[in-house]
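Data block below; observations after.
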Amino acid sequence: MTQVNDRCSRSRRGISIRKGLKILVTVLLIYSLGSMLLSAVMFRVLFPRRDGVSDIRYTYADVDSAAYPRTAFSFDSCGHAISACRYEARRAKGEIAVINGIGAGMDSHLAEIMYFVDHGWTVVTWDATGLGGSGGRGIMGLQQIRLDLLAYLDYRERTGETLPLVLYGHSAGAYAAATVLDGDYGVRAAVCLCAFDSPAAVMLYHARQRVGVLADAQYPFLLLESYFLFGADADVSAVDAVSRSRVPVLAVESSSDDLVPHELGLAGRGAYQNPNVTVMTVDTAWRNEHNTPWLSPAAAEYVGGLKEGQRVDKARANQLDQPFMEQILTFFNDAVDGA
């Protein structure tokens, strides 16, 4: 009788363990499927379609189109028509491709574009996927700007453009610029403003700011969704690309950047052994924010003090820092003249 009871007890324990395992597997499966669905939804919520227009920055309607004429054109990126424009300079020294940050349209750096044209450079820029006049259901993610840049470089090669090419990128646009420098695209130099090294690391950082350690639990699913969307381009390292490159790179960081902090930035991931890399830190008050290193101290302070709904003096808000821009121009000129 005792043996029978022992067998029954062991059988019940075995059944309980199997039930527990089934419950655990079911819970993990539901959690995983729910997390995958949440990641897919979050990408669409965080990266919707936008118009790409800023209330602070110049638009083309604000400037003298006769003094700065531009030609519209388009190219294909991942099956979407990208709306682009070209500003021609007389006797151009070369071409500057301006690669805008996430959600920023083709006019976002119009102040710098006019400066470059005034100093003899032809400029090309565009609305990224999901922005303004370009196709796409949304801006997809930080990685899409890299794909759009690669698409432009392919288009440029097909059309037989011969002007020397340099890149001027900000934020996700600077990340994109950095990641193509180890490829054979004929790029002579790149200025990367407030670039990050890894899209996944930046997204994790901002998720932690909002939901704490819960972000770490969702991180594998964030990576998985990134790979679903972007494949091998999901988390290309900008630092690795710059380290391998033979192209002159000016990596600019802002000392008070809350969006791309030093430890995540292109300039802050350790010392470069590559002698072609120059790191610059903007630490002047107001200019040392994510969106202000190219502005004059007065313009940066004005922009930083704007209140919601306040009428913006765009001339005041877009005044450039002349020493900074001269340094950028010298960097580009040296790269082209010395090639």
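We count residues from 1, following the sequence as given.
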In sequence, state the C-alpha distance, the side-chain angles, and the governing distance for Thr129 and Asp148, and then conclude on side-chain hydrogen bond (donor to acceptor under 3.5 Å, both in side chains).
CA-CA 7 Å; Thr129 296; Asp148 293 343; 2.8 Å; yes
Under the criterion side-chain contact (heavy atoms from CB on, under 4.5 Å), I'd like the reasoning laid out for Gln322 against Leu320: C-alpha separation, chi angles, the key distance, then a yes or no.
CA-CA 6 Å; Gln322 290 301 315; Leu320 298 174; 4.3 Å; yes
What's the verdict on salt bridge (Lys or Arg N to Asp or Glu O under 4.0 Å) for Arg57 and Glu112, showing C-alpha distance, side-chain angles and the deciding distance?
CA-CA 11 Å; Arg57 305 300 175 206; Glu112 297 105 292; over 6 Å; no
Tell me, with the steps shown, if Trp126 and Cys85 meet side-chain contact (heavy atoms from CB on, under 4.5 Å).
CA-CA 6 Å; Trp126 54 85; Cys85 63; over 6 Å; no
I'd like to know whether Tyr168 forms a side-chain contact (heavy atoms from CB on, under 4.5 Å) with Leu250, so could you lay out the CA-CA distance, the side-chain angles of the two residues, the decisive distance to 0.1 Å, and finally the verdict.
CA-CA 10 Å; Tyr168 178 86; Leu250 178 59; over 6 Å; no
Between Glu253 and Met280, does a side-chain contact (heavy atoms from CB on, under 4.5 Å) hold up when you go through it step by step?
CA-CA 6 Å; Glu253 67 171 356; Met280 178 198 304; over 6 Å; no
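Considering Thr281, Asp283, Asn288 as possible partners of Ser255, the one that fulfils the side chain to side chain donor-acceptor pair (under 3.5 Å) test is Asn288. Under the side chain to side chain contact (heavy atoms under 4.5 Å, CB included) rule, Lys314 has a single partner from Val63, Ile56, Thr59, Leu110, which is Thr59.
Dense packing is recorded around CG of Asp64, with more than 12 heavy atoms of other residues, nucleotides or ligands lying under 6.0 Å away. Under a cut-off of 6.0 angstrom, the local environment of CD in Glu326 is crowded, with over 12 non-hydrogen atoms contributed by other residues, nucleotides or ligands. For Asp55, the CG atom sits in a loose shell: 12 or fewer heavy atoms of surrounding residues, nucleotides or ligands are nearer than 6.0 Å.
A donor-acceptor contact shorter than 3.5 Å is absent between the side chain of Ser134 and the backbone of Gly130. Remark: the backbone N or O of Ala72 is not paired with any side-chain donor or acceptor of Arg86 at under 3.5 angstrom. Not a single donor-acceptor pair under 3.5 Å links the side chain of Lys93 to the backbone N or O of Arg91. A donor-acceptor pair under 3.5 Å is absent between the side-chain atoms of Asp62 and the main chain of Tyr58, judged by distance alone. Remark: the backbone N or O of Val98 is paired with a side-chain donor or acceptor of Thr125 at under 3.5 angstrom.
Taking both residues in full, the closest heavy atoms of Asp127 and Leu131 are given as CB-O, 3.4 Å, listed atom of the first, atom of the second, then distance. Nearest heavy atom pair, residue Ala84 against residue Phe75, reads CB-CE2, 3.9 Å. What you find for Ala151 and Asp76 is that their closest heavy atoms are CB-O, 3.3 Å. Closest approach of Pro297 and Asp321 over heavy atoms only: CD-OD1, 3.5 Å. Nearest approach of Tyr185 to Val180, heavy atoms of both residues: CD1-O, 3.4 Å. Closest of all the heavy-atom pairs between Ala317 and Val312 is CB-CG1, 4.0 Å.
Counting heavy atoms from C-beta on, the side chains of Arg188 and Asp337 never come closer than 4.5 Å. Within the 4.5 Å cutoff, side-chain heavy atoms of Val282 are placed close to those of Val252. The shortest distance between side-chain heavy atoms of Asp233 and Arg146 falls below 4.5 Å. Put simply, the side chain of Tyr302 reaches to within 4.5 Å of the side chain of Asp313, judged on heavy atoms. Two residues are said to be in side-chain contact when any heavy atoms from C-beta on lie closer than 4.5 Å; Trp286 and Thr292 fail this criterion. Between Ser198 and Asp235, some side-chain heavy-atom pair lies under the 4.5 Å cut-off. For the pair Ser74 and Ser83, the minimum side-chain heavy-atom distance is 4.5 Å or more. Side-chain contact check for Trp294 versus Val191: every heavy-atom pair is 4.5 Å or farther apart.
Leu165 and Leu163 fall into different hydrophobic clusters, where Ile, Leu, Val, Met, Phe, Trp and Tyr side chains are chained together by heavy-atom contacts under 4.5 Å. Grouping the Ile, Leu, Val, Met, Phe, Trp and Tyr side chains by contacts below 4.5 angstrom, directly or via other members, places Val53 apart from Ile113.
The aromatic rings of His170 and His290 sit tilted relative to each other, their planes meeting at an angle between 30° and 60°. Note: Phe196 and Tyr175 have parallel aromatic rings, judged against thresholds of 30 and 60 degrees for the angle between ring planes.
Judged by the 6.0 Å distance and 45° axis criteria, Arg287 is positioned over the aromatic ring of Phe324. For the pair Arg70 and Tyr60, the cation-pi criterion (under 6.0 Å, within 45° of the ring axis) is fulfilled.
Aromatic pair Tyr87/Phe116: ring centres not closer than 6.0 Å.
Interatomic distance, CZ of Phe73 versus OG1 of Thr159, reported as 8.0 Å (0.5 Å rounding). One distance of note links CD of Glu88 with OG1 of Thr122; it measures 4.5 Å at 0.5 Å rounding. Going from atom OG of Ser245 over to atom CG of Asp182 covers 6.5 Å, rounded to the nearest 0.5 Å. Put simply, CE on Met106 and CD1 on Ile99 are 14.0 Å apart, with the number rounded to the nearest 0.5 Å. From Leu266, atom CG reaches atom CG of Asp197 across 7.0 Å, with rounding to the nearest 0.5 Å. The CD1 atom of Ile139 sits 4.0 Å away from atom CD1 of Ile102, with the distance rounded to the nearest 0.5 Å.
Ser296 and Gln319 share a donor-acceptor pair across their side chains, judged by distance under 3.5 Å alone. In summary, the side chains of Asp118 and Tyr68 do present a donor paired with an acceptor at a separation below 3.5 Å, with no hydrogens or angles considered.
Here Glu301 does not pair with Arg316 in a salt bridge; the nearest charged N to carboxylate O distance is not below 4.0 Å.
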